[in-house]
Amino acid sequence: MDFINRVVKFRKGSTQSGGSDPPDAVEARASVPGEAAAYEEVDLGTNAGGGGPANYGAHASSPVVEMQKVIGANGETTAAQGECEDEFTVEQAVEAIGFGRFQIQISALTGLAWMADATEMMLLSILSPELRCLWNLERWQEALITTVVFIGMFISSTLWGKICDKFGRRKGLIFCSVWLCYYGFLSSFSPTYIWILLLRGLVGFGIGGVPQSITLYAEFLPSKARGMCVVFIEVFWAIGTVIEVLLALVVMPTLGWKYLLFFSAIPVLIFVICCKWLPESARYHVACGNQDKAHAILKEVALCNNKPMPLGKLKIENVSMRGKYKDLFKTKELAITTVLLLFIWFANAFCYYGLVLLSTELFASGNTCARGEQQKEGLECRDACKSLDRSDYISLLWTTFAEFPGVVLTFLIIELIGRKLTMAVEFFGFAIFTFLLFICSTRNILTFFLFAARAFISGAFQAAYVYTPEVYPTATRALGMGACSGVARIGAILTPFVAQVLLGYSPSLAISTYGVVALIATAACMLLPIETKNREMMTAARRPSHSKP
């Protein structure tokens, strides 16, 4: 009887709240005590064919009556589904079920993965200076500790995307998390410089798969909530960086860097344990042609959210070839999007990590006005070995808080003005405050410019995480995310040579480089041919269509 309660509550999407009900539906609903009061209308958006209440009765009444007979005879629901002539897509099911307890649960799981990623990344800015002093490393050797992590991420990002498209988002995410956890703990036992390079490079290889958590997360979100929810995940990243700095503040002066590495791997271990509750994507199963598995997952989501499942048969779009690079350029519209998006991700990582390094260098010199011998003396002074002390950790903590304004700004405007314009506005804002660094000012004003620039670029980065899984079809979504993430790592690998090396020769040229790259990225965002706001997440690439801006 519980199934009847759920099914008869569902009404065809084109039925208006004030319209009359089909006679059979009224009769069926009347047979269930108390059901009339609990009747709920769900809009699937299936009225493209013009089927209103009259059209509903023409073909829907018979399946409802037949369904009652089948359920009353043997309690089974599968036979009833076979009798129903209507079909619904996974997109329509996700939209009808909406946002509820299930999405809150998967938000927590995705946020935990993001937090674990943040602790491993924030660790880089703390570990390198300490090892330089302990092992008497040269500057380039210190920088290589960070570089090998990004090289590992660059190598693996696209590979993890292919794995997730071929074998499932859940399997790929669990595999990369186990890998990251294992080598994260193992790196805490590194006896020499060569070992730390090798093991941290393998850690970077695992980190390259973590962005696939956003792919899985976005595929369970209704379109109206997708943008704000993905942006909200950035809060977990900021929390993870804060936790890492606080952990370093306690552990480094007392226990040392090996314990910091060990404790920093614990969030990944917690996520691995929680993966037992991580579902596979229904969209992935639809792309694979697994109708029963996809329907079972959607039913679980509906039950968790206490919402009715759509009547009818789940429409399957079997995509035989998944995870192929050429599919990223399958149509002209998608090819242009891919090329522009690869540069946007490159610019995001280049500017974001460059600003983090640039902040340290500029704080050390006081401003951007140092020239000639004074500048050389400053560089020589900074070249001396110095471990981070309590005041340095507190300054690092304040720098981390610059992430939150970017999240708030993106959260407020991404559903208002769209994904493309959000990225463009935030890249432009970053460029403006970067060029303002040319002004000879006090340390407080310099700090304000740097924090504002970081807020804008962190927001642009998160907006790219919203746009990318939305623009690619299910068959290549993880691959597209992996390819973009991989190209972003090229930007992260190159940016130390600008923020640290080029800055030593010409601060003006180094700062200008970041400003110009951001302006080009602004133009690239505006040239994107597809706006994904309120856009359906497709299973396979289709011919170009005009989407609402």
Side-chain angles (χ1 to χ4, degrees), residues 106-107 110-119 121-122 153 157 207 210-219 221 223 225-242 340-356 399-431 433 451-472 477 480-482 484-485 487-489 491-492 518 521-522 524-525 528 531-533:
I106 198 171
S107 295
T110 306
L112 184 58
W114 221 230
M115 189 186 303
D117 185 18
T119 57
M121 294 303 297
M122 192 65 194
M153 296 169 69
S157 293
I207 294 175
V210 176
Q212 298 304 331
S213 61
I214 296 295
T215 302
L216 175 62
Y217 181 52
E219 290 182 335
L221 296 172
S223 60
R226 192 181 302 133
M228 291 186 291
C229 287
V230 175
V231 171
F232 175 74
I233 294 298
E234 175 69 11
V235 173
F236 288 92
W237 173 280
I239 293 173
T241 57
V242 170
L340 292 174
L341 204 51
L342 290 174
F343 176 76
I344 289 169
W345 276 75
F346 170 88
N348 263 318
F350 181 80
C351 295
Y352 177 83
Y353 293 109
L355 188 70
V356 172
T399 304
T400 303
F401 284 125
E403 302 279 342
F404 290 99
V407 175
V408 173
L409 175 63
T410 307
F411 186 86
L412 292 176
I413 68 175
I414 196 165
E415 292 296 345
L416 183 65
I417 64 176
R419 282 65 162 140
K420 290 167 48 178
L421 193 54
T422 295
M423 289 189 289
V425 167
E426 292 180 322
F427 268 120
F428 187 73
F430 169 82
F433 281 99
F451 274 42
R454 183 165 177 178
F456 276 112
I457 194 60
S458 63
F461 218 150
Q462 197 59 25
Y465 271 106
V466 176
Y467 181 85
T468 305
E470 289 182 334
V471 78
Y472 287 110
R477 185 169 295 126
M481 178 68 86
C484 290
S485 180
V487 171
R489 306 315 161 191
T522 302
C525 294
L528 286 168
E531 172 56 70
T532 61
K533 178 186 174 184

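For reference, positions follow the sequence shown, starting with 1.
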Between atom [atom1] of [X] and atom [atom2] of [Y], what is the distance when rounded to the nearest 0.5 Å?
{"X": "Phe451", "Y": "Phe401", "atom1": "CZ", "atom2": "CZ", "value": "10.0 Å"}
{"X": "Glu219", "Y": "Arg226", "atom1": "CD", "atom2": "CZ", "value": "9.5 Å"}
{"X": "Asn348", "Y": "Tyr353", "atom1": "CG", "atom2": "OH", "value": "10.0 Å"}
{"X": "Ile414", "Y": "Thr532", "atom1": "CD1", "atom2": "OG1", "value": "7.5 Å"}
{"X": "Leu412", "Y": "Met228", "atom1": "CG", "atom2": "CE", "value": "10.0 Å"}
{"X": "Ile413", "Y": "Leu421", "atom1": "CD1", "atom2": "CG", "value": "7.5 Å"}

To check you understand the geometry: which heavy-atom pair defines the closest contact between [X] and [Y], and what is its length?
{"X": "Thr522", "Y": "Ala424", "answer": "CG2-O, 3.5 Å"}
{"X": "Ala453", "Y": "Leu355", "answer": "C-CD2, 3.6 Å"}
{"X": "Ala463", "Y": "Met423", "answer": "CB-CG, 3.5 Å"}
{"X": "Phe350", "Y": "Gly491", "answer": "CD1-O, 3.6 Å"}
{"X": "Cys525", "Y": "Ile344", "answer": "SG-CD1, 3.7 Å"}
{"X": "Glu426", "Y": "Ala460", "answer": "OE1-N, 2.9 Å"}

Next on the checklist: By the salt bridge (charged side-chain N to carboxylate O under 4.0 Å, His left out) test, which pairs, at least two apart or in different chains, include something from residues 400-415?
Outcome noted: Glu403-Arg454, Glu415-Arg419

Checklist entry - How far apart are the C-alpha atoms of Thr422 and Tyr467, what are their side-chain angles, what is the distance that settles it, and do they pass the side-chain contact (heavy atoms from CB on, under 4.5 Å) test? => result CA-CA 10 Å; Thr422 295; Tyr467 181 85; over 6 Å; no

Item to check | Sub-4.5 Å side-chain heavy-atom contact between Cys351 and Phe430 | outcome: yes

Checklist entry - Would you say Phe343 and Val487 make side-chain contact, with heavy atoms under 4.5 Å? => result no

Checklist entry - Passes side-chain contact (heavy atoms from CB on, under 4.5 Å), Phe411 versus Glu234? Steps please. => result CA-CA 10 Å; Phe411 186 86; Glu234 175 69 11; over 6 Å; no

Between the main-chain N or O of [Y] and the side-chain N or O of [X], is there a donor-acceptor pair closer than 3.5 Å?
{"X": "Glu531", "Y": "Lys420", "answer": "yes"}
{"X": "Thr241", "Y": "Ala238", "answer": "yes"}
{"X": "Ser213", "Y": "Val210", "answer": "yes"}
{"X": "Thr410", "Y": "Val407", "answer": "no"}

Item to check | Stepwise side-chain contact (heavy atoms from CB on, under 4.5 Å) check, Val230 with Ile214 | outcome: CA-CA 7 Å; Val230 175; Ile214 296 295; 4.1 Å; yes

Next on the checklist: We want to know whether Trp345 and Thr468 form a side-chain donor-acceptor pair, criterion being a heavy-atom distance below 3.5 angstrom.
Outcome noted: yes

Next on the checklist: Set out, in order, the CA-CA distance, both residues' side-chain angles and the distance that settles side-chain contact (heavy atoms from CB on, under 4.5 Å) for Val471 and Leu528, then state yes or no.
Outcome noted: CA-CA 10 Å; Val471 78; Leu528 286 168; over 6 Å; no

Checklist entry - For Phe428, does the CZ atom sit with more than 12 other heavy atoms under 6.0 Å from it, leaving out its own atoms? => result no

Item to check | Parallel, tilted or perpendicular: ring planes of Phe461 versus Tyr465, cut at 30 and 60 degrees | outcome: parallel

Checklist entry - Can you check whether Tyr217 and Trp114 have ring centres sitting under 6.0 Å from each other? => result no

